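Remarks on the structure that follows.
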Amino acid sequence: MSQTIVSQLDTEANAYLRERLPQQRIVEIPFGPEGLAQIPADASTLIVRPINVRGVELKEAPAGWPWSLQWVQLASSGIDFYPHWLFDVEQVASAKGANANHVAEFALAAIFSAAKQLPDIWVKNDDWHFTYLQPVKGATLGILGLGSIGQSLAHKALALGMRVIALGRPGHAIAEIPGIEAARDIHHLFAEADHLVVVAPLTADTRHLLDRDVLGSAKPGLHLINLARGGLLDQNALLEALDNGSIGRATLDVTEPEPLPNDHPLYLHPRVRISPHTSALSTDGKRKFVDDFVANFQRFQAQAQLENLVDIGRGY
């Protein structure tokens, strides 16, 4: 039986979605809050991109929400960029895992960039100087958050000969993952790591989790890599830690807000590297997302439980 799927994906992704689900009616709506008012009343499924981004805060649902929607598919793994009313449907699924490999590779690129002083080491003239570079093999990688991204990163790091120590959410048995050490607590994690990658969800309990106290327990010179959400990190505390030497370098793919205002001191700090929330983007990412959605849509049609259902109370 044909169903109506409403999508905020771009034209290329929607074309692939139609190719994968030729029997279904795919209705494209614009990205952003204005597109939500164009959802047909008979739609069963909505694919929605983040709403509350770049200063937008859509507090009220469109008139008639949620119509006939039975399932909302988020185009991101986190749920914090969506208003609470969006979850007033029978099922909401995230894109958890779709970009795990991409983000893990980005983390490794940041680690190699710091250890090998790239691109600073490239020369442009005959003024050459020897530079002693840090090894990656044997270095300690700390991972905060051991979901799909953290696990993908851990396996890659172990293959490179890194020591991996991690801290997951309460009750997550990381000791069962071969080769990964379990940190006693967040202070132990920061004290042990040479590079520390943050891939934990942002919830009410984790906002500003990385505060002055936590950053102060860091192994001197720690390379902090935040690929999760800017709200996990107290940015003023980070600037203090950079200046006092607790943190040697910060690689930030996320900030709060996004983007930071032009005069923000993080832009100007010599040991901070900022990318525009792009670690999850990849040339094959659209197809991977659509493939995962199609697999879930088949479960939906079979009235089976969907993968990656979110728990609004838990926050992910």
Side-chain angles (χ1 to χ4, degrees), residues 4-14 17 26-99 102-103 149 200-204 206-207 226-232 253-261 275-281 285-286 288-290 292-293 296-297 300 306-316:
T4 298
I5 301 171
V6 181
S7 173
Q8 282 192 328
L9 302 177
D10 63 23
T11 301
E12 178 185 355
N14 284 324
L17 180 59
I26 311 299
V27 177
E28 297 184 37
I29 60 173
F31 170 52
E34 65 280 358
L36 299 177
Q38 302 178 27
I39 296 175
D42 67 338
S44 66
T45 305
L46 168 65
I47 302 174
V48 61
R49 293 167 65 181
I51 296 171
N52 290 345
V53 292
R54 297 180 179 259
V56 172
E57 187 175 4
L58 192 62
K59 294 182 178 180
E60 301 295 330
W65 176 267
W67 302 288
S68 300
L69 290 173
Q70 301 172 50
W71 167 28
V72 169
Q73 173 63 57
L74 309 181
S76 62
S77 56
I79 72 172
D80 50 302
F81 288 151
Y82 302 90
H84 284 281
W85 54 259
L86 189 80
F87 300 88
D88 293 334
V89 295
E90 184 178 342
Q91 301 176 104
V92 179
S94 74
K96 177 184 176 183
N99 57 17
H102 309 145
V103 179
I149 296 172
L202 177 62
T203 67
T206 61
R207 176 166 291 280
N226 188 3
L227 307 181
R229 290 291 187 266
L232 291 163
D253 189 50
V254 290
T255 60
E256 191 177 52
E258 292 183 358
L260 292 174
S275 52
H277 202 150
T278 194
S279 64
L281 302 181
K286 297 176 185 179
K288 178 66 167 66
F289 174 84
V290 169
D292 288 350
F293 171 80
N296 236 5
F297 187 77
F300 177 68
L306 300 182
E307 293 285 345
N308 298 327
L309 288 174
V310 304
D311 183 336
I312 186 65
R314 187 178 59 182
Y316 52 92

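Model, not experiment: these values are computed from the prediction.
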Subject >> Approximate separation, where rounding is to 0.5 Å, of I47 CD1 and L17 CG >> reply: 5.0 Å
Original post:
Of the non-hydrogen atoms in N296 and A93, which two are nearest, and what is the gap between them?
Top reply: ND2-CB, 4.1 Å
**OP:** Could you check whether the rings of W65 and W67 sit parallel, tilted or perpendicular, using 30° and 60° as the cut-offs?
**Re:** perpendicular
Original post:
Under the salt bridge (charged side-chain N to carboxylate O under 4.0 Å, His left out) rule, what pairs show up with a residue in residues 80-92, not counting sequence neighbours?
Top reply: D80-R229
**OP:** Could you grab the distance from atom CG of D311 to atom OH of Y316, nearest 0.5 Å is fine?
**Re:** 8.5 Å
Original post:
With L86, which of L69, L74, L58, V92 fulfils side-chain contact (heavy atoms from CB on, under 4.5 Å)?
Top reply: L74
Original post:
Is there side-chain contact between I312 and H84, with at least one heavy-atom pair below 4.5 Å?
Top reply: yes
Subject >> Shortest non-hydrogen separation from A75 to F289 and the atoms involved >> reply: CA-CE1, 3.7 Å
**OP:** Would you check if the side chain of T206 reaches a backbone N or O of P201 as a donor-acceptor pair within less than 3.5 Å?
**Re:** yes
Subject >> Taking every non-hydrogen atom, the tightest pair across R54 and P259 >> reply: NH1-CD, 3.9 Å
Subject >> Separation of R49 CZ from D10 CG (nearest 0.5 Å) >> reply: 6.5 Å
**OP:** Ignoring hydrogens and angles, tell me if any N or O in the side chain of D253 forms a donor-acceptor pair with the backbone of H277 under 3.5 Å.
**Re:** yes
Original post:
Do the side-chain N and O atoms of N308 and S94 include a donor-acceptor pair separated by under 3.5 angstrom?
Top reply: no
Subject >> Aromatic plane relationship, F87 with Y82 - under 30° parallel, 30 to 60° tilted, over 60° perpendicular >> reply: perpendicular
Original post:
Out of curiosity, I39 CD1 to T45 OG1, how far, rounded to the nearest 0.5 Å?
Top reply: 11.0 Å
Original post:
What pair of heavy atoms forms the shortest contact from V89 to P66, and how long is it?
Top reply: CG1-CB, 3.4 Å
**OP:** Decide side chain to side chain donor-acceptor pair (under 3.5 Å) for S68 and D42; before the verdict, give the C-alpha distance in whole Å, the side-chain angles of both, and the deciding distance to 0.1 Å.
**Re:** CA-CA 6 Å; S68 300; D42 67 338; over 6 Å; no
**OP:** Would you check, one step at a time, whether the test side-chain contact (heavy atoms from CB on, under 4.5 Å) holds for L281 with H102?
**Re:** CA-CA 7 Å; L281 302 181; H102 309 145; over 6 Å; no
Original post:
Looking only at heavy atoms, which two atoms of L232 and A228 are closest? And how far apart?
Top reply: CD1-CB, 3.5 Å
Subject >> CG-CG distance between N99 and D292, expressed to the nearest 0.5 angstrom >> reply: 10.0 Å
Original post:
Taking all atoms of both residues into account, what is the closest heavy-atom pair of V6 and P40, and its distance?
Top reply: CG2-CD, 3.5 Å
Original post:
Are L309 and Q91 close enough that some pair of their side-chain heavy atoms sits under 4.5 Å apart?
Top reply: yes
Original post:
Just by distance, do the side chain of Q73 and the backbone of L46 share a donor-acceptor pair under 3.5 Å?
Top reply: no
Original post:
In Å, rounded to the nearest 0.5 Å, how long is the span from CD of E28 to OG of S7?
Top reply: 6.5 Å
Original post:
Is there a donor-acceptor pair closer than 3.5 Å between any side-chain N or O of T255 and the backbone N or O of P257?
Top reply: yes
